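Only one structure is covered here, and it is reproduced in the block below.
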Amino acid sequence: MDPHYHPKSLEPAVQREWDDTKAFVAPDASGKPKYYNVGMLPYPSGKLHMGHVRNYSINDALCHFLRMKGYNVLQPMGWDAFGLPAENAAMAHGVPPAKWTWENIAYMKRQLQSLGFAIDWTREVATCSPDYYRWNQWFFLRMREKGIAYKKTGTVNWDPVDQTVLANEQVIDGKGWRTGATVEKREIPMWYLRISQYADELVDALDGLAWPEQVKQMQRNWIGRSYGVEFTLPYAPETAARMADGKAGLKVYTTRADTIMGITFAAVAAEHPLAAEAAKGHAKLAAFIEECKRGGVMEAELATMEKKGMPTGLFVLHPFTQEPIEVWVGNYVLMGYGEGAVMAVPGHDERDFAFAKQYGLPIAQVIDVDGQAYSTDAWQPWYEAPGVNVHSGKYDGLAQAAAIDAVASDLEAAGLGAKRVQFRLRDWGISRQRYWGTPIPIVHCPKCGDVAVPDEELPVVLPEDLVPDGSGSPLAKSPAFYECKCPSCGADAKRETDTMDTFVDSSWYFFRYTCPGATAMVDERADYWMPMDQYIGGIEHAILHLLYARFWTKVMRDMGLVKVDEPFRNLLTQGMVLNHIFSRRTDKGGIAYFAPEEVEVKSDAEGRITGAALRADGSVVDYGGIGTMSKSKRNGVDPQDLIDRYGADTARLYVMFASPPTDTILWSDSSVEGSFRFLRRVWKLVHDHLAAGPAPKRAGADLSGELKDLRFKLHKTIDKVGDDYGRRLQFNTAIAAVMELLNALTDVKDASPAARTVAQEVLEAAVLLLSPVVPHIATVLWAELRPGTRLLDQSWPEVDREALVQETIELVLQVNGKLRGHLVVATDATREAIEQLALATDAAVKFMEGRPAKKVVVVPGRLVNIVV
RNA sequence: GCCCGGGUGGCGAAACUGGUAAACGCAGCGGGCUUAAAACCCGCAGCCGCGAGGCUUGCCGGUUCGACUCCGGCCCCGGGCACCA
């Protein structure tokens, strides 16, 4: 055996052996129970970053651990290959997105292979390949037939200079990132998926999922099921005359129908038809509506901007009192939410209160909470709390639930409204005015309207040779793509040039992994592997991706394609890997990012970064704090340096040892050296042990106390590590436990045959326990420890219960809750005996200072606390 | 702004169900080995104090024999907010 650890030669050799034996190709049937283990598929941005290494190292450790536990494990990999960065790269370098993407995939695949992940590459999926996205198109058409896919208008960010739709990411402070032009809201027709139809099931089914509570809560809040009342505020006569829209009034929705007598005004979105009508011949209002259209569509931006409004001069009537209520246009009312109109009760809604104060509108108290004094001077949180109605006529004295019921039934009797369940969740708009995505398989015929592309003509293939230039979609400028005949009447027609949201791609790829080469979207092999047993990915996907994938699965189920209700049985949301962000505003008002290695930072005494300058020319750059590693912010760290310098095992050990998987971590490689040193030490321990010749097969029954303690520690460790891997999914503590075990082994200075036997037992177990994290070195060390056998054939080590039996145990001694000493008692000592022993100790006598014990708390196996 | 997390030594962290705060490791310090360096080995190490001892888990308060852990309020940091993925 080589006395030195050489990962550079060892790792490729082990990987070649895995390849040659197809070690990780999973059969679609097996006598063993199946375990389907997936990491969220990466976007092929160019290089892996540490977040990927972290993610897939966790998957891989589980993969090896469950193999050893006797499962038929499938761990596939694929590429989320459509998306915006490919178009940006194309603009920057003039390379077609397809070429850029396929090259990135090839490079990143080599990186994953050099990390030695136990991936079944025979199932690889790239979402930009026609074999994959044809099924996006096929399924879209099925959803259209069922009415789940439909068309309506939606609001987008419009760059008036580039004449193009911008992603939210491309809007910086309300300006286009390339042009610096003020972005406008624009209404365009788009395709939507009716996820709202599944809202009840999506929220109810969360209860049965073994997911982190925090993620389930986020999804519940996102779906936002509320029980409220929808009703109409009838138009005042003049308003009715002007609107002439065939409607009786302004439809609104509220969860606080109990406050209906507190309405003092109403507000509509700038895009609302009532606002448009009111603006006719009202120049100031028209100008205000125009102003509201400025800026993007991001909720974070809308929610933080200054609330502004203007009266329309149009009135509606209170449904019960018939009193006129003026309608305002408010920039905080969103056309896309509910009806685009709200009743305003400034007495009991914080936002309405602020708005009323700002514009001098009346505020009326209609809810009372015991012992609280109401004042319109300042907002108090209790104003929003449930209470008892006051100043509300016939509803006075009713508590919230009763008041809501009474108001709802009165509205219903008046034919103005009824109770309704509403969701915050909006239907999923999937149209993108972009090139690098799945073409939507629709043809626009002047005679027949929107016509589906027939199934036999799928896929509608995306041309791979176009290069976007930043103004509009290349597809919309490519007659070769859009010119076509109507499938229905044969007339000249125009193909849809919008593509699908890339969340479509990632909503079902995990089904496709299970049945590579299937001639349908999925086949019966999906029934074997699904539901997925473990899904692992970043916490940033807690809502959108996971919700869309759940929805898609349910639609597939309802179409009879798959049998599962939910795709992901267990979920582990990995914490983000953060790094510093440096940027600078460009002349045009856009933003340019710089990689951390390109800048020199200045810090204050506490180590906080106060400023930074570019290394190249010393020019000042802005420090943007810390944030997720991403291609767009240029703060990703490529693991390649680490792999080249120390090998894959060290890189994996380091990222697994650094913290629990769910923790957010700020990237630093300052202690990688220590992980490498540990592996070198393990290597040397095995080498030195074997260099002394073979160890006797079995130790005699009578081990010294020291060797008994070592075996106790060994079997404690096996137990703990198995629990950490299998139940807690916490790897840093498992690794620390093995380190402790090896420290204990080193401390035993005994060269007797019995000691050598125990040492062999410890080393074999340590190699097995570490193997899920560092499989390369473990493979080689195992072959040395047990010539003629393979690590891959080994089971997880068994805990020897007898080694865990102890005669005595050490307890902590406290006086008044403070640590004052220790005492050793028999494992089976009674509570009374322990109490007597504790009171007699020197430490107890000293710190009780002659005072009698008021109480003695004995926690079995832990401590004794004497209270005086 | 709203929803969800997080904050423990110089640093990454541990303490799993309310029971020894700081395991394991990094950096550091002292020593050994070496002509020297690297590597390796041994030891020290939260803060204050000569010591006995006292103090310490973002801040303030509460519950408890006992709180990193539970409750209330606040500060700071991260993730998401529907077109980044």
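Residue numbers start from 1 in every chain, and the chains themselves are labelled A, B, ... in the order their sequence lines are given, proteins ahead of strands. Computed from a prediction, not measured in an experiment: that's the story for all the values here. Heavy-atom basis, side chains included; hydrogens, waters and symmetry copies ignored.
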Quick one: which protein N/O atoms are closer than 3.5 Å to N/O atoms of nucleotides 41-45 of chain B? Pair and distance per line, please.
none

*Taking the side chain of Glu299(A) as its heavy atoms from C-beta onward, which of rG1(B), rC26(B), rG19(B) lies nearest to it?*
rG1(B)
*Report the distance from atom NE2 of His6(A) to atom P of rA39(B), rounded to the nearest whole Å.*
16 Å
_Over all strands shown, is Arg424(A) touching base, sugar-phosphate only, or nothing at heavy-atom distances under 4.0 angstrom?_
base
*Give a yes/no on whether any side-chain N or O of Lys846(A) is located under 4.0 angstrom from OP1 or OP2 of rG53(B).*
yes
*Side chain of Arg434(A): nearest nucleotide among rC83(B), rG1(B), rA14(B)?*
rC83(B)
*Is the distance from OP1 or OP2 of rG66(B) to the nearest side-chain N or O of Arg820(A) less than 4.0 Å?*
no
*Does OP1 or OP2 of rG12(B) have a side-chain N or O of Ser659(A) closer than 4.0 Å?*
no
_Heavy atoms from C-beta onward define the side chain here; which of rG53(B), rC84(B), rC24(B) lies closest to that of Asn743(A)?_
rC24(B)
*Counting heavy atoms from C-beta on, name the nucleotide in rG12(B), rG1(B), rG80(B) closest to the side chain of Phe657(A).*
rG12(B)
*Polar side-chain atom of Ser671(A) near backbone of Gly674(A) as donor-acceptor pair, under 3.5 Å*: no
*Roughly how many Å is it from CG in Asp669(A) to P in rG12(B), rounded to a whole number?*
14 Å
*Have a look at His545(A) and say if it touches a base, only the backbone sugar-phosphate, or nothing, with a 4.0 Å heavy-atom cut-off.*
nothing
*Quick one: Lys185(A) NZ to rC83(B) C1', roughly how many Å, whole number?*
15 Å
*Considering only rC24(B), rU20(B), rG79(B), which nucleotide approaches the side chain of Leu863(A) most closely?*
rU20(B)
*RNA chain B: stems of at least 3 consecutive Watson-Crick or G-U pairs, cut-off 3.5 Å?*
B:1-7 with B:75-81, B:10-12 with B:24-26, B:28-32 with B:40-44, B:46-48 with B:53-55, B:58-62 with B:70-74
*Under 3.5 Å donor-acceptor pair, Arg727(A) side-chain atoms to rC16(B) base atoms*: yes
_Over 60° means perpendicular and under 30° means parallel, so tell me whether Tyr623(A) and His580(A) are parallel, tilted or perpendicular._
tilted
*Integer-rounded Å distance: rC83(B) P and Tyr192(A) OH*: 8 Å
*asked:* Could you tell me how far apart Leu578(A) (CG) and rG12(B) (P) are, to the nearest whole angstrom?
replied: 12 Å
*Under-4.0 Å salt bridge between Glu740(A) and Lys716(A)*: no
*May I ask you to evaluate whether Lys716(A) reaches the phosphate of rA23(B), defined as a side-chain N or O under 4.0 Å from OP1 or OP2?*
no
*Touch check for Val165(A), heavy atoms < 4.0 angstrom, all strands: base, sugar-phosphate only, or nothing?*
base
_Closest contact, heavy atoms only, Tyr332(A) versus Asp352(A)_ = OH-OD1, 3.8 Å
*Among rG78(B), rU20(B), rA13(B), which is the nearest nucleotide to the side chain of Val812(A)?*
rU20(B)
_Side-chain donor or acceptor of Lys633(A) paired with backbone N/O of Ile581(A) under 3.5 Å_ = no
_Phosphate OP1/OP2 of rA14(B) contacted by Asn732(A) side-chain N/O (<4.0 Å)_ = yes
_Heavy-atom count check: over 12 atoms from other residues, nucleotides or ligands less than 6.0 Å from Lys357(A) NZ?_
yes
*Which nucleotide in rA15(B), rC55(B), rC65(B) has an atom nearest any side-chain atom of Arg728(A)*: rA15(B)
*Looking only at side-chain atoms of Leu544(A), point me to the closest of rG19(B), rA85(B), rC4(B).*
rA85(B)
_Check the orientation of Phe82(A) and Tyr133(A). Use parallel for under 30°, tilted for 30 to 60°, and perpendicular for over 60°._
tilted
*So, is Gln730(A) close to the rA14(B) phosphate, meaning a side-chain N or O under 4.0 Å from OP1 or OP2?*
yes
*Which atom pair, heavy atoms only, marks the closest approach of Leu334(A) to Ala269(A)?*
C-CB, 4.0 Å
*Heavy atoms under 4.0 Å, any strand shown: does Ser632(A) hit a base, just sugar-phosphate, or nothing?*
nothing
*Which nucleotide in the set rG53(B), rC24(B), rA85(B) lies at the smallest distance from any side-chain heavy atom of Glu540(A)?*
rA85(B)
*Distance in angstrom units between Asp349(A) CG and rC2(B) P, rounded*: 12 Å
*Would a 4.5 Å heavy-atom cut-off, applied to side chains only, mark Arg424(A) and Ile223(A) as touching?*
no
*asked:* Taking donor-acceptor contacts at under 3.5 Å, does the side chain of Asn865(A) reach the base of rC65(B)?
replied: yes
*For Arg432(A) and Thr502(A), test the side chains for any donor-to-acceptor distance below 3.5 angstrom and give the result as yes or no.*
no
*Indicate the atoms forming the closest heavy-atom contact of Leu863(A) with Leu811(A), along with that distance.*
N-CD2, 4.3 Å
*Nearest whole angstrom, please: distance from the C1' of rA39(B) to the CZ of Arg677(A).*
10 Å
_For a quick check of understanding: with a heavy-atom distance under 4.0 Å over all strands, which category does Gly575(A) fall into, base, sugar-phosphate or nothing?_
nothing
_If you only use heavy atoms from C-beta on, which nucleotide in rC83(B), rG1(B), rA13(B) is closest to the side chain of Pro660(A)?_
rA13(B)
_Can you tell me how the ring of Phe510(A) sits relative to the ring of Tyr535(A), calling it parallel under 30°, perpendicular over 60° and tilted otherwise?_
tilted
_Side-chain N,O (Thr628(A)) to OP1/OP2 (rG79(B)) below 4.0 Å_ = yes
*Confirm from the modelled atom types if Gln814(A) and rC65(B) form a donor-acceptor pair under 3.5 Å, side chain to base only.*
no
